[in-house]
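One structure below.
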Amino acid sequence: DWLRKSGREMADCALGSPVQHLERAGLLGKNLLAIHVNHLAPGDAELLAKRGVTVVHCPRSHAYFKHRAFPLDELASADVNICLGTDSLASLHKPRRQLAELNMFDEMRQFAAANPNLESESILKMATINGARALGLKGKIGELAPGAFADVIAIPYGEKISKANEAIIGHRGPVAASMIGGQWAVEPGNMVPA
């Protein structure tokens, strides 16, 4: 209706879902990051997978707008690469007098709260390895591996290694250290907010 009132040509409307519209326009492909993807029509997930599109889910923005449940199972079943992102300071709930910030730890926690049956390892992959894959940098970022860039953060932790994934997702506060390209950006002992 808004488009019609603005005088826009409407011949291409009501011809299917936004995903189907992008397919007709020849825009679905491995170089497309589909942000949000809150609503899917039948067959959309399979079409996204077939074209190699990555979906970037922004959990806190999703919660802010009170969308229905993110179609995680449908996208995962179709083998779509799903990664986590952070959207905008304008679409975040924040307590009064607290500074709003874009924060992947917060995004992971929100996603974990919305998907309590999902393993923490899967959530970490969505925040790291899947994002690297989306950017065409698999094996270079998002993981500790030979030949990868030496980009690392460290958080305070002193428990069993078997609980490390949960600790990362649950982390609040400063990081203990940060390395970018093999150089300390925040040296151990000089903690800064996460």
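Predicted, not measured: the structure shown is a model, and the values here were computed from it.
For His39, the ring-ring contact (aromatic ring centres under 6.0 Å, His included) partners two or more places apart in sequence, or in a different chain, are His67. For Tyr157, the ring-ring contact (aromatic ring centres under 6.0 Å, His included) test picks out no residue, with sequence neighbours left out. For Lys30, the side-chain contact (heavy atoms from CB on, under 4.5 Å) test picks out no residue, with sequence neighbours left out.
With hydrophobic clusters built from ILVMFWY side chains whose heavy atoms lie under 4.5 angstrom apart, Ile153 does not share a cluster with Ile129. Placement of Phe70 and Tyr64 in two distinct hydrophobic clusters is found when ILVMFWY residues are connected by side-chain heavy-atom separations under 4.5 Å, directly or transitively. A continuous path of ILVMFWY side-chain contacts below 4.5 Å connects Met104 to Ile155, so both sit in one hydrophobic cluster. There is a path of hydrophobic side-chain contacts, each under 4.5 Å, that joins Leu27 to Leu47.
Pairing each heavy atom of Pro59 with each of Glu107, the nearest pair is CD-OE1, 3.1 Å. Here the shortest heavy-atom pairing between Ala78 and Ala49 reads O-CB, 3.0 Å. Here the closest non-hydrogen pair linking Thr86 and Asn103 is OG1-N, 4.1 Å. Residue Glu74 comes nearest to Ala41 through the heavy atom pair OE2-O, 4.3 Å, listed as atom of the first residue, atom of the second, then distance. Nearest heavy-atom pair, Pro156 versus His171, reported as atom, atom and distance to 0.1 Å: CD-CE1, 3.7 Å. The two atoms that bring Ser178 and Trp184 nearest to each other are O-CE3, 3.4 Å, heavy atoms only.
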Apply the test side-chain contact (heavy atoms from CB on, under 4.5 Å) to residues Cys83 and Thr54: give CA-CA distance (whole Å), side-chain angles for both, the deciding distance (0.1 Å), then the verdict. CA-CA 7 Å; Cys83 54; Thr54 289; 3.7 Å; yes
Show, in sequence, the C-alpha distance, side-chain angles and deciding distance for Leu89 and Leu102, and conclude whether the side-chain contact (heavy atoms from CB on, under 4.5 Å) test is met. CA-CA 7 Å; Leu89 294 176; Leu102 302 179; 3.9 Å; yes
Step by step, would you call Arg172 with Phe105 a side-chain contact (heavy atoms from CB on, under 4.5 Å)? CA-CA 7 Å; Arg172 295 177 189 271; Phe105 290 108; over 6 Å; no
Determine, step by step, whether Val56 and Leu84 satisfy the side-chain contact (heavy atoms from CB on, under 4.5 Å) criterion, reporting the C-alpha distance in whole Å, the side-chain angles of both residues, the deciding distance to 0.1 Å, and the verdict. CA-CA 5 Å; Val56 182; Leu84 298 181; over 6 Å; no
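Side-chain atoms of Asn130 come within 3.5 Å of backbone atoms of Ile82 as a donor-acceptor pair (strictly under, hydrogens ignored). A donor-acceptor pair is defined here as one N or O able to donate and one able to accept, closer than 3.5 Å; such a pair exists between the side chain of Thr128 and the backbone of Leu124. Using a distance-only test at 3.5 Å, with no hydrogens or angles considered, no donor-acceptor pair links the side chain of Asp44 to the main chain of Val19.
Here the CG-OG distance, from Leu118 to Ser122, works out to 4.5 Å after rounding to the nearest 0.5 Å. Between the CD atom in Glu119 and the CD1 atom in Ile169 there is a gap of 10.5 Å [rounded to 0.5 Å]. Between the CG atom of Leu40 and the CD atom of Gln20 there is a distance of 10.0 Å, given to the nearest 0.5 Å. To the nearest 0.5 Å, atoms NE2 (His21) and CG (Leu28) are separated by 10.5 Å. Here the CG-CD distance, from Leu75 to Glu46, works out to 9.0 Å after rounding to the nearest 0.5 Å. Once rounded to the nearest 0.5 Å, the distance linking SG of Cys58 with CD of Gln110 reads 11.5 Å.
In this structure, Ser61 and Leu92 have side chains that are not in contact, with every pair of non-hydrogen atoms separated by 4.5 Å or more. Contact check for Val152 versus Leu144: side-chain heavy atoms found under the 4.5 Å cut-off. Within the 4.5 Å cutoff, the side chain of Asp87 has no heavy atoms near those of the Arg60 side chain. Counting heavy atoms from C-beta outward, Ile168 and Met108 have side chains that approach closer than 4.5 Å. Side-chain contact between Met126 and Leu72 is present, with at least one heavy-atom pair separated by less than 4.5 Å. By the 4.5 Å heavy-atom criterion applied to side chains, Asn38 and Arg68 are not counted as neighbours.
For His62 and His57, the ring centers are positioned less than 6.0 Å apart.
Atom CD of Glu121 sits in a sparse spot, with 12 or fewer heavy atoms from other residues, nucleotides or ligands closer than 6.0 Å.
Put simply, the residue from Val80, Leu48, Val53 that forms a side chain to side chain contact (heavy atoms under 4.5 Å, CB included) with Val37 is Leu48.
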